[in-house]
Amino acid sequence: MDSVLRSRSYHYQVMNDVVAGIVWSLAPTVLVGLLFWLIMRLIIRADRTERKVYSRMESEERARRGLAPKA
């Protein structure tokens, strides 16, 4: 009976080590991927906002000069 418990404990420990190894090996890839996604999202949002502001400034300038709105 004691050897059965030791055997189960050993297998449980081995499985924990395997799962921990998988998690630790995937963690850097996942974190770098999330960081890349966040940076790209911020860049795209900044570009979209900049284009919106530039378009508004351009339409105000065209209106001030008496030009037709850009189509």
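Because only heavy atoms are used, hydrogens play no part in the values below, and waters and symmetry mates are left out as well, while side chains stay in. Keep in mind it's a predicted model, so treat the numbers as computed, not measured.
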### Query
Taking the hydrophobic residues Ile, Leu, Val, Met, Phe, Trp and Tyr, and joining any pair whose side-chain heavy atoms are under 4.5 Å apart, which ones share a cluster with Leu42?
Trp37, Leu38
#### Entry: Residues Glu60 and Arg64 bridged, charged N to O under 4.0 Å
no
### Query
Which residue pairs satisfy the salt bridge (Lys or Arg N to Asp or Glu O under 4.0 Å) criterion with at least one member in residues 36-50, sequence neighbours excluded?
Asp47-Arg51
### Residues that Lys52 engages under salt bridge (charged side-chain N to carboxylate O under 4.0 Å, His left out), provided they are two or more places apart
none
### Remaining members of hydrophobic cluster (4.5 Å side-chain criterion), Val19
Val23
Please table the atom pairs, donor to acceptor, closer than 3.5 Å between any side-chain atom in residues 24-32 and protein atoms at least two apart or in another chain.
from	atom 1	to	atom 2	distance (Å)
Ser25	OG	Gly21	O	3.1
Ser25	OG	Ile22	O	2.9

### Summary
To the nearest 0.5 Å, atom OG of Ser59 lies from atom CZ of Arg62 at 9.5 Å
#### Entry: Which residues share a side chain to side chain donor-acceptor pair (under 3.5 Å) with Arg56, sequence neighbours left out
none
